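Here's the structure we're looking at; comments come further down.
Quantities reported herein were computed from a predicted structural model and do not represent experimental measurements. FYI, the numbering just counts along the sequence from 1.
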Amino acid sequence: MSTLIELQLLLKWMALFVLFGLLILSPRTSASCRDARSSREDAERFRVEQAAAFRPKRPPHIIFILTDDQGFNDIGYHSRDIRSPTLDKLASEGVLLENYYVQPLCTPSRSQLITGRYQIHTGLQHSIIRPRQPSCLPRDVVTLPQRLQEAGYSTHMVGKWHLGFYRKDCLPTRRGFHTYFGSLTGSVDYYTYGSCDGKSLCGFDLHEGESVAWGKGGKYSTHLYTQRVRKILATHDSTSQPLFIFLSLQAVHTPLKPPKEYIYPYRRMGNVPRRKYAAMVSIVDEAVRNITYALRKYGFYRNSVVIFSTDNGAQPLTGGSNWPLRGCKGTYWEGGIRGVGFVHSPLIRHRRRVSRALIHITDWYPTLIGLAGGNVSQHQGLDGFDVWPTISEGKESPRLEILHNIDPLHRRSWGSLKDGYGLWDTTVQAAIRVGDWKLLTGDPGHGDWVPPQVLTNFPSSWWHLERQIEKKRKSVWLFNVTGDPCERHDLAANRPDVVKELLARLALYNRTAIPVRYPPDDARANPSLNGGAWRPWVSEDEEEENWDGIYYKRGKNRKRKKCRLCKLQSFFKKLNLKIMSKQIQDSSAIGHHV
């Protein structure tokens with residue numbers, strides 16, 4: 001009897017043990033989604049913790065130097081034509097970024113740097129912000145300098161803003177910078193600081209904080225801005241507070257007006273625009289030398305990170321060169337978006353190397369926040385990744401793909417949803433890279449390979465020297481840019497499977513896009529109505545006008561007479577935009593369904 005009781009008790013214990021094991025090990029279907037989400041969060045947490053392990057012990061001083069329109073072939077370590085010994089030395093002693101991407105134009109690159117978000121997530125998908133447009137960086141987006149201020153940094157910007165200024169809330173000092181000295185528009189004269197929108201509307205554009213800096217012009221801008229950076233370094237205590245300086249140089253953007261003494265070393269260079277352009281690069285090199293000297297002199301260098309980057313590719317007909325890459329500024333070919341860049345810092349663990357890890361300009365936002373001691377996760381709407389372990393330790397880049405852009409307002413007259421396999425309307429200008437593959441649709445821009453311009457009078461007809469004349473109108477291109485960085489071999493017809501995958505990715509991204517913000521000019525922006533200067537013209541108490549989805553095509557500056565049909569025309573323009581947006585959304589839905 002006792003043996004039977006003992007056996008029954010043993011069976012009960014075994015049953016309880018098995019039940020307990022099942023409770024622990026068995027899959028719970030009701031919580032499968034939560035488990036999947038938890039595993040993704042764990043992976044993200046691990047990645048963040050891994051990045052934190054490679055960060056410096058103290059928040060470093062960060063100097064970010066952004067040049068304007070400097071091409072892939074416009075630096076000494078890529079070209080024998082250019083003399084840039086300081087930049088070459090800093091790059092060779094740090095980490096040279098040879099798989100680094102920016103955007104093809106000024107405003108898009110700056111917006112993505114300062115927000116860590118793709119253009120489709122800020123409404124700045126189309127073109128640039130013009131001086132008279134009532135538009136600016138979305139004011140509800142927390143910027144990089146604002147996050148650095150939260151981390152205890154002293155933040156300063158010197159140079160070109162080009163992110164809108166129609167309201168005071170759009171100015172750099174309202175977007176996270178303690179001080180600002182520079183120009184608000186996209187292009188100014190290097191000495192007079194005059195800026196024109198069209199031929200007739202011109203005004204002064206040099207600002208100190210939120211005031212016009214009358215009387216401070218007359219000095220070449222690269223020299224003036226370098227002088228200001230050195231002053232900031234001289235007056236800041238390097239041991240009391242970490243420092244962030246964003247030096248956004250106007251150089252080497254047109255007009256080509258370098259001081260004559262810098263042109264002399266290039267006197268044997270036959271092509272005059274190239275000669276002047278090269279001189280401007282040399283001035284940038286000198287500026288960086290003076291800044292790095294100041295970093296050492298005032299005790300910043302040992303705990304500093306210096307980042308050098310261009311904002312987009314060069315324009316060959318004004319002296320720049322992207323050779324041997326295809327395309328130029330304003331295009332989505334490699335020549336327009338593959339950037340010159342490097343990181344120099346004593347804090348890098350594995351220095352003196354070339355990195356071919358995939359990095360995009362949006363990655364600086366989370367990377368610098370991480371260096372500052374902040375915690376940035378992908379759940380905050382960022383498109384960038386913390387790439388400091390990649391830069392410092394040579395770890396694999398967390399970035400696997402880049403959405404170069406989707407611009408629904410830039411559409412080609414040929415292409416169709418059918419050409420996009422029912423997944424994407426190929427009339428829409430778009431570009432994406434996933435792994436080794438890069439896909440372009442719509443109109444990517446002039447796809448030329450322009451050799452360095454070394455002849456005395458470079459004929460404009462040579463612009464077409466290596467242009468491929470397509471026998472058939474195309475709206476889809478596919479390249480393996482790892483094996484074919486010059487984009488000479490279109491594989492779209494050979495690999496429809498890859499084309500379909502990347503079109504589906506475009507459609508997926510497009511579902512997250514916000515409406516394009518590209519409003520018409522506002523006549524009140526005219527400098528003659530604002531004391532002769534470009535400055536905010538909308539009062540702070542004026543109600544914000546909703547320009548989302550409203551756009552226009554720029555033409556000649558002319559007055560338009562009021563008419564009874566204006567409202568009707570505006571109605572049909574809005575209706576047309578809605579129809580276009582619906583077509584793209586429908587194609588996105590189809591792609592998501594497939």
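Residues Phe165 and Ile129 are not in side-chain contact: their nearest non-hydrogen atoms beyond the backbone lie 4.5 Å or more apart. Using a 4.5 Å cut-off on side-chain heavy atoms (C-beta onward), Tyr77 and Val340 make contact. When side chains are defined from C-beta on, Leu90 counts as touching Thr292, because their heavy atoms get closer than 4.5 Å. Considering only heavy atoms from C-beta on, Trp534 stays 4.5 Å or farther from Leu184 through its side chain.
Of the inter-residue distances, the one linking Thr331 atom OG1 with His404 atom NE2 reads 11.0 Å to the nearest 0.5 angstrom. To the nearest 0.5 Å, atoms SG (Cys328) and CD1 (Ile337) are separated by 12.0 Å. For the atom pair CD (Gln250) and OG1 (Thr222), the distance works out to 7.0 Å, reported to the nearest 0.5 Å. The distance from the CD1 atom of Ile391 to the CZ atom of Arg349 is 14.0 Å, given to the nearest 0.5 Å. Between Ile291 atom CD1 and Arg230 atom CZ the span is 9.0 Å, to the nearest 0.5 Å. For the atom pair CG of Leu368 and OH of Tyr153, the computed distance is 8.0 Å after rounding to the nearest 0.5 Å.
If you check the side chains of Tyr118 and Asn405, you find no donor sitting under 3.5 Å from an acceptor. Asp205 and Ser195 form no side-chain donor-acceptor contact under 3.5 Å, judged by distance and modelled atom types alone. No donor-acceptor contact under 3.5 angstrom links the side chains of Thr226 and Asn290, judged on distance only. A donor atom on one side chain and an acceptor atom on the other are found under 3.5 Å apart for Thr155 and Gln149. Using modelled atom types and a 3.5 Å distance limit, the side chains of His126 and Asp407 yield a donor-acceptor pair. Checking Ser84 against Asp88 by side-chain atom types alone, a donor-acceptor pair falls below 3.5 Å. For the 3.5 Å distance criterion, the side chains of Ser282 and Tyr266 qualify, holding a donor opposite an acceptor. In this structure, a donor-acceptor pair under 3.5 Å is absent between the side chains of Ser238 and His61. Counted by atom type alone, Asn312 and Ser109 present zero donor-acceptor pairs between their side chains at under 3.5 Å. A donor-acceptor contact under 3.5 angstrom links the side chains of His344 and Tyr301, judged on distance only. Between the side chains of His360 and Gln103, at least one donor N or O sits under 3.5 Å from an acceptor N or O.
Between Trp537 and Tyr166, the two ring planes are tilted [angle within 30° to 60°].
By the 4.0 Å N-to-carboxylate-O rule, Lys438 lies close enough to Glu334 to be salt-bridged with it. A salt bridge links Arg110 and Asp311; the closest N-O separation between the charged side-chain nitrogens and carboxylate oxygens is under 4.0 Å. With salt bridges taken as basic N to acidic carboxylate O contacts below 4.0 Å, none links Asp197 and Arg130. Salt-bridge annotation for Arg351 and Glu93: absent, with no side-chain N of the basic residue lying under 4.0 Å from a carboxylate O of the acidic one. At a threshold of 4.0 Å, the pair Arg117-Asp383 does not count as salt-bridged, since none of the basic side-chain nitrogens sits closer than that to a carboxylate oxygen. Checked for salt-bridge contact, Arg338 and Glu98 miss the test: no charged N lies under 4.0 Å from a carboxylate O. Using a 4.0 Å cut-off between charged nitrogen and carboxylate oxygen, Arg275 and Asp81 do not count as a salt-bridge pair. Under a 4.0 Å N-O distance rule, the pair Arg228/Glu208 qualifies as a salt bridge.
The environment of CD in Glu396 is sparse: at most 12 heavy-atom neighbours from other residues, nucleotides or ligands sit within 6.0 Å. Taking a 6.0 Å sphere around CZ of Arg302, one finds it holds 12 or fewer heavy atoms contributed by other residues, nucleotides or ligands.
For the side chain to side chain contact (heavy atoms under 4.5 Å, CB included) with Arg505, the lone residue among Leu439, Ile432, Leu403 that qualifies is Ile432. Residue His223 forms a ring pair (Phe, Tyr, Trp, His ring centres under 6.0 Å) with just one option from Tyr191, Tyr190, Tyr262, and that option is Tyr262.
Of the possible polar contacts, one joining the Lys160 side chain to the Gly186 backbone as a donor-acceptor pair under 3.5 Å is found.
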